[in-house]
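As structure tokens, the structure follows; a few thoughts come after it.
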Protein chains: 2
Amino acid sequence: MNIGTAAIESGVSAKMIRHYEAIGLLAPAARRENSYRDYGARDVHELRFIGRARRLGFSIEEIRVLINLWRDGKRPSREVRRVAMAHLQDLETRIAEMQAMAQTLQKLVADCRGDSRPDCPILDDLGSSCCT
Amino acid sequence: MNIGTAAIESGVSAKMIRHYEAIGLLAPAARRENSYRDYGARDVHELRFIGRARRLGFSIEEIRVLINLWRDGKRPSREVRRVAMAHLQDLETRIAEMQAMAQTLQKLVADCRGDSRPDCPILDDLGSSCCT
DNA sequence: CTTGACCTTCCAACGATGGGAAGGTGTATC
DNA sequence: GATACACCTTCCCATCGTTGGAAGGTCAAG
């Protein structure tokens, strides 16, 4: 299977497949006589793994850990759980921060008449000399 | 006022102040005979504006728009409101996506015993051949 | 044989920030 | 005055994940 087909099958772009290989996340693909990369079902499965993990917001380094645990059929599930929980915690912190931002913005937008007059609480607040 | 002092006063690092100048977000600062940049209260105020907007998650390009509106005392508040609302919408979309991720992860973590046995629903799910 | 779709490698960019080198300047202390 | 140290200047590089493109090789259909 060529890289393009593998990309379609796995949902990971050809560009990224090469990139993942370059940074050592994937083992170098087998090559044909063309020097074209050659992929099989196993590779596609692994790519799909990476794709799903990326879509869940795992970083490349987190995936590097996960994929090694995945390849090792005997790993204790404790470790996998630890990685997932750490990522979950990260995620929840970031969500809370973004919610705080959104709340502030909502308040500002609600206070702004949004008409043709120049008075605008949004800019007043952004420009306020107050802390942080 | 030197750039370092302006950085402390505004909460924007000296590195970033130079960067904002380089990309044209800020007008080139006045220079002394030293060729040191020289800042006044107005500049600090503007920097504080940028800092607050960054902390609210506005992108540089959004800030470029906002700061022009801010400098223009006669701008209609409608435009400011539009920028803020667009950003708010973005933010809320991203929050929803991250919440979906977190929910999926929570389910996976809850299903995983996290003991020394290799069975792990998290990896099973990541590796599953199912869609997307 | 030509055309177009694919593959290869390499280089650069994004957005926002930080690190650091190499060199000039300001000020305080000995 | 000399020395030390803190600050300033410009410049380049790294991050992280991804995308774009150039320049060139290969394959298959018309």
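Below, chains carry the letters A, B, ... as their sequence lines are ordered, and counting in each starts from 1.
- Residue pairs that meet the side-chain hydrogen bond (donor to acceptor under 3.5 Å, both in side chains) test with at least one member in residues 5-25 of chain A, sequence neighbours left out, are A:Glu21-A:Arg37.
- Counting non-hydrogen atoms of neighbouring residues, nucleotides and ligands closer than 6.0 angstrom, the CE atom of A:Met98 exceeds 12 such neighbours.
- If you take NE2 of B:His19 and C1' of D:dC12, they are 15 Å apart, rounded to a whole angstrom.
- Taking a 6.0 Å sphere around CE of B:Met1, one finds it holds more than 12 heavy atoms contributed by other residues, nucleotides or ligands.
- You'll find a donor-acceptor pair under 3.5 Å spanning the side chain of A:Lys15 and the base of D:dG21, going by distance alone.
- No hydrogens or angles considered: nothing links the side chains of A:Gln99 and B:Glu92 as a donor-acceptor pair under 3.5 Å.
- In this structure a side-chain-to-backbone donor-acceptor pair under 3.5 Å is present from B:Asp43 to B:Gly40.
- OP1 and OP2 of D:dG17 both lie 4.0 Å or more from every side-chain N or O belonging to A:Tyr20.
- In summary, contact between chain B and DNA chain C, defined as any nucleotide atom under 4.0 Å from a heavy atom of the protein, begins and ends at C:dA16 to C:dG26 in the 5' to 3' direction.
- When the C1' atom of D:dT26 is taken as reference, atom CD of A:Glu33 falls 13 Å away, rounded to whole Å.
- Counting non-hydrogen atoms of other residues, nucleotides and ligands closer than 6.0 Å to CZ of A:Arg31 gives a total above 12.
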Shorter than 3.5 Å, N or O on both sides, protein versus nucleotides 5-8 of chain D: list them out with atom names.
unit_1 : atom_1 : unit_2 : atom_2 : d
D:dC8  : OP1    : B:Ile3 : N      : 3.4
D:dC8  : OP1    : B:Gly4 : N      : 2.5

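- Spacing between atom CG of A:Leu47 and atom P of D:dT18 amounts to 13 Å, rounded to whole angstrom units.
- The environment of A:Arg42 atom CZ is sparse: at most 12 non-hydrogen atoms of other residues, nucleotides or ligands sit within 6.0 angstrom.
- A:Ile3 and A:Tyr36 fall into different hydrophobic clusters, where Ile, Leu, Val, Met, Phe, Trp and Tyr side chains are chained together by heavy-atom contacts under 4.5 Å.
- Using a 4.0 Å heavy-atom distance criterion, A:Arg31 is classed as a sugar-phosphate-only contact.
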